[in-house]
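In this chain, residues are counted from 1 in sequence order. Worth knowing before you read on, the calculation uses all heavy atoms, side chains too, and leaves out hydrogens, waters and symmetry mates. Treat the numbers as computed from the prediction; the structure is a model and nothing was measured.
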Amino acid sequence: MTLPDTATNPAGADRTFQVDLRGLVDLLSHHLYSSPRVYLRELLQNAVDALTARHGLAPDAPADAFGIRLYADGLVVRVEDDGVGLTEADVHTFLATIGRSSKRAEKIAEQRADFIGQFGIGLLSCFLVADEIHVLSRSARTPDAPAVEWRGRGDGSYTVRVLPASARPRPGTTVTLTPRADAGEWTRPAQVHALARHFGSLLRHPVTFDDGTGGPGGTGASVNPEPAPWVRTYPTPGSRSRALAAYGEEVFGFTPLDTIELDLPAVGLKGIACVLPEAVPVGRRHGHRVHVKGMLLSEQAEEILPEWAFFVRCVVDAESLRPTASRESLYEDDTLAAVRDALAERLRAWIARAAASDPELLGRFLQAHHLAVKSLAVHDDEILRMLLPWLPFETTDGHCTLDEFARTHRTVLVTSSVEEFRQVAAIASAAGLGVVNGGYTYDRELVHRLPEIRPEVTVADLDPATLTAHLDPVDRETELAAAAYLALARDALAVFDCDVALRTFQPASAPALLVDSREARHERTRSQLAREQEGGLWGDILGALRQEAPRAQLILNQLNPLVRTAVTIDGPELARTSAEALYGQAAMLSRRPLRPAESSLINRSFLDLLAHALRKDS
């Protein structure tokens, strides 16, 4: 690096940046793009833009009058188009100038609104696979225009020569690359053909490929033989639907549950959304295939749809969406936001049509994607009204819809967790209570909105008092007879902050019910920590947060033969062991995570009871 001459650059004078072209080319060509394969997309994009400009000069020419020809034989890669071509001034402007003022860039973008490329840097991607780019072009704007040759090298240098018109008899541009030895993976003839089909299968201009072998698949083979399936005509609606589904299966690799046609004329967007046949993890967003003016922009464009629409994958072609500089994603602007909202409406409309006219399709859709629909219904009143009665929930009557459940239960109780539901489900069902498992994502919130659909239904959270109020007390004599046992049981389970009561409830096969909540356990744990840390700063903080910790309750079932035998045990040790065993069994039935002390208690009580049984037999 040389220092500026202070004689010619006095202090305070304006200076210009010294640009290292080799470093700039390396930055753009090796760090702007995600993969070397994009070089062919950039060459195709430049050719398509040139053809677009050529049609502007000859608007009456047939759509297939001008085309693009690819050639790759393992030694060179060549892309030739019949586009508008370049003059010598164009070469200096578009091929040899990197970086402009924002005002100039806006002017170019306005002039090039019908083109895919807006940034003028795509050609640099060719340096990912070649050290030199050769461009031969002839402008179609002037009948006798000469040919212009441009050679750009990876070190940032270039040469320009003006050649006779005979060097290129027809207007257009030819770009030739001599691949580097380490770029064979991307420049082999079969790979070039595959990349051309991948990026250009929906292009509106004819694209052909030649591998120099003269074979039927390598001489003039069409890269895009058919237009996009949604612009073709079909004899019947059924054949159209089948064709769109077949295209979705070809693109995404699964048979769609259904296909939703997408058409937004305001931005020139057309395409399909393929409904996934199987559920996907919550919040997992699939990438969508987005084409801009026929050219594949991205296979992972998550931003085209809202987050809740993870039950579909889309392939669309749009006219007015703006690509980013790398042309591998979409520019987030007001247009994209409006498109996202409009496509969301199309998905809502499809759900509404299925609900109104195709219950079988709706049932299959909800079976696979009820969680996605629940996430939508939480925030969308229209979807809530349409689909809440159809959505499946886990209830004390089994898995059923809220509409079915509300027919037999005018008061619907909802738990706050899955473990709470599992604790009470059998007893609540036997007591005639209608309880819904609200522990799954969105379920509790949606159940509480049921009265908006069915005003005659009341929804309330289930608490231990509600359940125990439906358990029948035992008679006074039975209570007195069991008092000694209950006292021993309370003492044995005091370490778990658990009270013990005797009731009668169905089913009689259930010996005990452990009524506890996650919030109560957390509060007891916090109180225990406060006691252990008493006197310290942490203890003061926990003490300030401490509330009266609610106790768990082990409710023994007097109708159960095992319990009736247990309450008559005379020996204190055996009575304590039986109470611990009943607690452990009830804790396991609740299916909540066991604390280490509870696991130890279950093992100890089992071994003690086994030892007692063996001593008795001997």
Worksheet item: Among all residues two or more places apart in sequence or in another chain, which pass the side-chain contact (heavy atoms from CB on, under 4.5 Å) test with Pro59?
Response: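 Pro59 satisfies side-chain contact (heavy atoms from CB on, under 4.5 Å) with no other residue.
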Item to complete: Output all residues satisfying side-chain contact (heavy atoms from CB on, under 4.5 Å) with Ala301, sequence neighbours left out; order by chain, then residue number.
Response: Val290, Ser298, Glu303
Check whether any side-chain heavy atom of [X] lies under 4.5 Å from a side-chain heavy atom of [Y], and answer yes or no.
X: Arg289; Y: Val251; result: yes
X: His134; Y: Leu136; result: yes
X: Leu195; Y: Leu44; result: no
X: Leu376; Y: Leu387; result: no
X: Tyr247; Y: Val315; result: yes
X: Trp186; Y: Pro179; result: no
X: Leu361; Y: Leu257; result: yes
X: Leu366; Y: Leu391; result: yes

Practice prompt. Report the residues that fulfil ring pair (Phe, Tyr, Trp, His ring centres under 6.0 Å) with His409, sequence neighbours left out, ordered by chain and then residue number.
Written response: Phe405
Inter-residue atom distance [X].[atom1] - [Y].[atom2], 0.5 Å rounding:
X: Ser241; Y: Ile272; atom1: OG; atom2: CD1; value: 10.0 Å
X: Tyr234; Y: Leu244; atom1: OH; atom2: CG; value: 5.5 Å
X: Glu42; Y: Phe199; atom1: CD; atom2: CZ; value: 8.5 Å
X: Gln45; Y: Thr52; atom1: CD; atom2: OG1; value: 10.0 Å
X: Cys126; Y: Asn46; atom1: SG; atom2: CG; value: 8.0 Å
X: Leu450; Y: Phe393; atom1: CG; atom2: CZ; value: 8.5 Å

Worksheet item: Between His55 and Phe66, how do the two ring planes meet: parallel, tilted or perpendicular, split at 30° and 60°?
Response: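 Perpendicular: the ring planes of His55 and Phe66 meet at over 60°.
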Worksheet entry | Ring geometry between Phe365 and His369 (parallel below 30°, tilted from 30 to 60°, perpendicular above 60°) | tilted
Closest non-hydrogen atom pair between [X] and [Y], with its separation:
X: Asp81; Y: Ala50; result: OD1-CB, 3.9 Å
X: Val447; Y: Val414; result: CG1-CB, 4.1 Å
X: Thr259; Y: Ala245; result: CG2-CA, 3.7 Å
X: Gly83; Y: Ala140; result: O-CB, 4.3 Å
X: Ala309; Y: Leu347; result: CB-CD1, 3.6 Å
X: Leu276; Y: Val312; result: CD1-N, 4.2 Å

When you measure from the side chain of [X] to the backbone N and O of [Y], does any donor-acceptor pair fall under 3.5 Å?
X: Arg151; Y: Glu132; value: no
X: Tyr39; Y: Ala130; value: no
X: Arg141; Y: Leu57; value: no
X: Asn224; Y: His205; value: yes
X: Thr401; Y: Pro389; value: yes
X: Ser137; Y: Gly172; value: yes

Practice prompt. Using the salt bridge (charged side-chain N to carboxylate O under 4.0 Å, His left out) rule, take Arg37 and Glu299 through it: C-alpha gap first, then chi angles, then the decisive distance, then the call.
Written response: CA-CA 14 Å; Arg37 68 177 186 166; Glu299 297 175 273; 3.3 Å; yes
In chain order, what residues pass the side chain to side chain donor-acceptor pair (under 3.5 Å) check against [X], with sequence neighbours excluded?
X: Thr233; result: none
X: Arg444; result: Asp461
X: Thr255; result: Glu249

Item to complete: Test Arg449 against Val378 for side-chain contact (heavy atoms from CB on, under 4.5 Å), laying out the working first.
Response: CA-CA 9 Å; Arg449 299 191 67 179; Val378 167; 5.6 Å; no
For [X], what residues pass the salt bridge (Lys or Arg N to Asp or Glu O under 4.0 Å) criterion, not counting sequence neighbours?
X: Arg78; value: none
X: Glu345; value: Arg348
X: Arg407; value: Asp403

Worksheet item: Would you say Asp334 has more than 12 foreign heavy atoms packed within less than 6.0 Å of its CG?
Response: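 Not more than 12 within 6.0 Å, no.
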Item to complete: Count the heavy atoms of every other residue, nucleotide or ligand shown that sit under 6.0 Å from CD of Glu452, and state whether that count exceeds 12.
Response: yes
Discussion item. Does Thr213 form a side-chain hydrogen bond (donor to acceptor under 3.5 Å, both in side chains) with Asp211? I'd like the steps, not just the answer.
Written reply: CA-CA 6 Å; Thr213 63; Asp211 62 5; 2.7 Å; yes
Worksheet item: Pairs in or reaching into residues 350-379: which pass salt bridge (charged side-chain N to carboxylate O under 4.0 Å, His left out), with residues at least two apart or in two chains?
Response: Lys374-Asp443
Worksheet item: What pairs meet the salt bridge (charged side-chain N to carboxylate O under 4.0 Å, His left out) rule with one or both residues in residues 193-208, with sequence neighbours excluded?
Response: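 Sorted pair list: Arg204-Asp317, Arg204-Glu319.
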Worksheet entry | Criterion side-chain contact (heavy atoms from CB on, under 4.5 Å) on Leu40 and Val79, from CA distance to verdict | CA-CA 9 Å; Leu40 192 67; Val79 179; 4.3 Å; yes
Worksheet item: Would you call Arg422-Glu394 a salt bridge at under 4.0 Å N-O?
Response: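 Looking at Arg422 and Glu394, the cut-off is not met.
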Worksheet entry | Presence of salt bridge, Arg170 and Glu80, under 4.0 angstrom | no
Discussion item. Using the rule given for side-chain contact (heavy atoms from CB on, under 4.5 Å), can you reason through Leu321 versus Ile304, listing the C-alpha separation, both sets of side-chain angles and the distance that settles it, and then say yes or no?
Written reply: CA-CA 10 Å; Leu321 295 178; Ile304 196 72; 3.9 Å; yes
Item to complete: Decide side-chain contact (heavy atoms from CB on, under 4.5 Å) for Lys293 and Val48; before the verdict, give the C-alpha distance in whole Å, the side-chain angles of both, and the deciding distance to 0.1 Å.
Response: CA-CA 9 Å; Lys293 300 178 178 67; Val48 170; 5.8 Å; no
Could you pull out all donor-acceptor pairs under 3.5 Å where a side-chain atom in residues 69-77 meets a protein atom, sequence neighbours excluded?
{"residue": "Arg69", "atom": "NH1", "partner": "Asp82", "partner atom": "OD2", "Å": "3.1"}
{"residue": "Arg69", "atom": "NH2", "partner": "Asp82", "partner atom": "OD1", "Å": "2.8"}
{"residue": "Tyr71", "atom": "OH", "partner": "Asp73", "partner atom": "OD2", "Å": "3.0"}
{"residue": "Asp73", "atom": "OD1", "partner": "Leu75", "partner atom": "N", "Å": "2.8"}
{"residue": "Asp73", "atom": "OD1", "partner": "Val76", "partner atom": "N", "Å": "3.0"}

